[in-house]
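Everything below concerns the one structure shown next.
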Amino acid sequence: MKEEIFNVADIFGENVFNDTVMRERLPKKTYQKMVEVISQGRELDLETADVVAHEMKEWAIEKGATHYSHWFQPLTGVTAEKHDSFISAPMSNGKVLMSFSGKELIKGEPDASSFPSGGLRATFEARGYTAWDCTSPAFIRQDAAGATLCIPTAFCSYTGEALDQKTPLLRSMEAISEQSIRLLRLFGNETSKRVVPSVGAEQEYFIVDREKYLQRKDLIYTGRTLFGAMPPKGQEMDDHYFGAIRERIAAYMKDVNIELWKLGVSAKTQHNEVAPAQHELAPIYAEANVAVDHNQLIMETLKKVAGRHGLQCLLHEKPFAGVNGSGKHNNWSLVTDDGINLLDPGKTPHENIQFLLVLGCVLRAVDEHADLLRESAADVGNDHRLGADEAPPAIISVFLGEQLEDVVKQLVDTGSATRSIRGERLETGVKTLPDFMKDATDRNRTSPFAFTGNKFEFRMVGSQDSVGEPNIVLNTIVAEAFADACDELEKADDFEMAVHDMIKRLMRDHERIIFNGNGYSEEWVKEAERRGLPNIKTMLDAIPALTTDKAVKLFEKFGVFTQAELESRAEIEYEQYAKEINIEAKTMIDIAGKHIIPAVIKYATELGNSINTIRSACDADVSVQTEILLEVSDLLADTKKSLADLQDAVEQGIKIKDDNHKRAIYYRDVVVTAMEELRAPVDKLEMLVDKEAWPMPSYGDLIFEV
């Protein structure tokens with residue numbers, strides 16, 4: 001079959017109700033109104049919404065859409081939607097009209113009681129609202145259900161509290177924009193009207209064969225393998241990283257790209273990651289709320305398209321023990337509406353006073369709110385990944401690189417900076433290869449928060465998490481630092497002297513957060529403790545950061561979260577932790593009791609019968625077979641005992657009611673330990689029992705046979 005040839009430019013954004021479509025289809029007055037609403041944050045009136053809704057419906061129907069849906073992001077970790085058709089009440093002639101009103105566009109009413117609310121909503125209090133976020137374009141999703149018009153929305157309770165990721169993100173974007181503009185005005189910028197957090201989220205994922213996946217209950221129920229011995233080869237040779245992409249995977253990636261491009265997602269980079277069967281997709285940067293929506297679309301598309309190719313996409317942070325897990329790097333910067341990047345140091349950073357003030361404020365924000373930043377990347381799966389020699393440590397620090405670290409050192413040591421390290425020429429020593437100028441600064445993959453040229457890369461976020469929460473935190477803590485700086489500088493009699501003094505003070509007071517070395521080393525753990533930096537090792541250690549007096553004061557000051565919303569989110573996270581561990585534990589019990597133990601008993605019985613047969617037939621040496629049988633029997637006994645211990649631990653955990661915090665602590669300290677004790681003998685058994693007798697595909701089958 002001849003391969004279809006297409007031009008990316010022709011299909012990009014074809015399923016998005018974007019600016020181009022609005023300009024073409026909306027009356028000029030309506031279009032101008034929408035531009036003002038989107039770019040200036042003005043309120044959308046119902047009359048304008050009616051016109052937009054009509055044209056959006058007509059456009060969607062032309063694309064084959066029969067239904068529309070308010071597409072939102074509740075606190076479940078995934079998106080949610082309810083589909084309504086465009087059909088209105090039947091007419092007297094038996095026909096129907098296709099209609100879509102402005103009211104239906106801007107407001108929806110899903111059931112709020114069935115989503116996590118952390119006590120904000122009682123079970124009987126069902127009403128909640130979705131509200132159109134017109135700054136993130138509507139799009140057509142095409143799948144087996146046909147074509148559906150999806151409208152990105154915020155999700156709030158009847159009493160106004162945020163029950164989603166989008167609402168507080170939009171609030172935080174307004175906060176950082178307002179405070180950034182204040183700062184720019186101090187430096188004489190009177191033209192920029194708005195500052196937007198720009199975000200690019202790199203997405204890591206695993207791909208396995210779907211037929212093998214369906215034979216692993218642990219992958220089906222939990223997204224990760226709860227048992228599994230390492231194959232003879234893992235990632236030791238580094239030959240998978242950036243290696244040639246296998247044809248089956250390449251065909252899958254091609255279809256993923258096409259779907260994303262049609263949805264206006266600028267999928268840019270794709271490659272093999274470090275672990276076998278692991279890959280990465282990275283888009284071009286977008287405004288933070290659009291980037292968050294796009295990352296959800298990326299995850300949904302990765303999973304959906306995989307099924308068409310007989311594959312399964314695994315987004316868990318640690319689907320396989322013994323090889324690298326997956327995360328997503330959240331690249332964050334601040335850009336004005338007229339294209340100025342506040343994090344661009346220029347060629348001579350030591351002379352760029354505005355940049356140095358912004359940098360000092362970011363250092364202060366990360367230092368003072370390291371606990372919140374760490375919490376924003378905390379989830380059950382990430383507990384298996386953070387701090388290992390594959391991901392950033394659990395200690396928050398900032399990597400600046402040689403150039404900026406030298407500038408900071410000059411400011412701290414002497415009170416002024418007079419030079420910036422320049423990039424040198426990279427000489428390859430090969431005449432036919434061009435020499436070129438290298439960057440002034442190397443990169444550091446062990447740093448959780450690294451400056452990479454004109455942005456910061458927050459590397460802690462888990463692969464299946466929304467990037468909404470880390471960007472909410474980043475926007476808000478930097479907004480606070482900007483606000484405090486502006487409060488002081490706006491009152492200064494001598495601005496130039498005051499800003500120089502402030503930069504020196506910020507660098508001196510928060511120098512401890514800067515670390516350019518090896519974040520994986522034990523020496524850094526000790527050094528971080530000496531500096532007084534928090535080492536928050538687990539999700540449960542991180543959650544309390546949400547409800548400290550400092551956090552409540554911060555978020556309420558900028559209208560991002562109320563105290564009730566913060567307390568509800570902490571409650572949700574405790575509850576989700578216990579539930580996820582409970583599901584994992586029950587899955588282990590199911591697999592061990594119904595599959596592994598029966599399979600091992602059958603194997604041991606057959607081996608015992610074989611030994612007896614040989615003994616009765618001849619006087620042959622069966623010491624090896626007997627030794628294996630004894631070892632298998634001992635491990636089987638250990639497995640049975642550990643299974644009983646895990647069953648008892650789960651039963652006791654279920655009895656802990658009405659205290660999600662206490663229950664979560666119990667599951668971490670008791671149930672997780674019991675799970676590890678059950679896994680140990682099972683993984684040893686896998687190495688002894690005949691492969692044909694083992695009841696599920698091995699690691700080697702999953703990660704090498706794709």
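Every heavy atom of this structure was used, including side-chain atoms; hydrogens, water molecules and symmetry mates were not.
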A quick test of your reading: do over 12 heavy atoms of other residues, nucleotides or ligands sit less than 6.0 Å from [atom1] of [X]?
| X | atom1 | answer |
| --- | --- | --- |
| Glu47 | CD | no |
| Lys63 | NZ | yes |
| Glu174 | CD | no |
| Gln40 | CD | yes |
| Glu62 | CD | yes |

Between the side chains of [Y] and [X], is the shortest nitrogen-to-carboxylate-oxygen separation below 4.0 Å, so that they form an ion pair?
| X | Y | result |
| --- | --- | --- |
| Lys217 | Asp590 | yes |
| Lys328 | Glu202 | no |
| Asp143 | Lys304 | no |
| Lys318 | Asp383 | no |
| Arg141 | Glu259 | no |
| Arg569 | Glu573 | no |

Under 3.5 Å, is there a donor on one side chain and an acceptor on the other for [X] and [Y]?
| X | Y | answer |
| --- | --- | --- |
| Asp255 | His309 | yes |
| Asn257 | Gln270 | yes |
| Lys455 | Asn331 | yes |

With ring centroids as reference points, do [X] and [Y] lie under 6.0 angstrom apart?
| X | Y | value |
| --- | --- | --- |
| Phe17 | Trp59 | yes |
| His83 | His70 | no |
| Phe206 | Tyr213 | no |
| Tyr699 | Phe704 | no |

Go through the steps for Tyr68 and Phe100 under the test ring-ring contact (aromatic ring centres under 6.0 Å, His included), then give the verdict. CA-CA 9 Å; Tyr68 69 92; Phe100 184 48; 4.5 Å; yes

Name all residues meeting the ring-ring contact (aromatic ring centres under 6.0 Å, His included) criterion together with Phe456; count only those two or more places apart in sequence or in a different chain, and write none if there are none. Phe449, Phe451

For Thr336, all residues meeting side chain to side chain donor-acceptor pair (under 3.5 Å), sequence neighbours excluded: Asp338

Can you name the residues that form a side chain to side chain donor-acceptor pair (under 3.5 Å) with Glu109, not counting sequence neighbours? Arg127

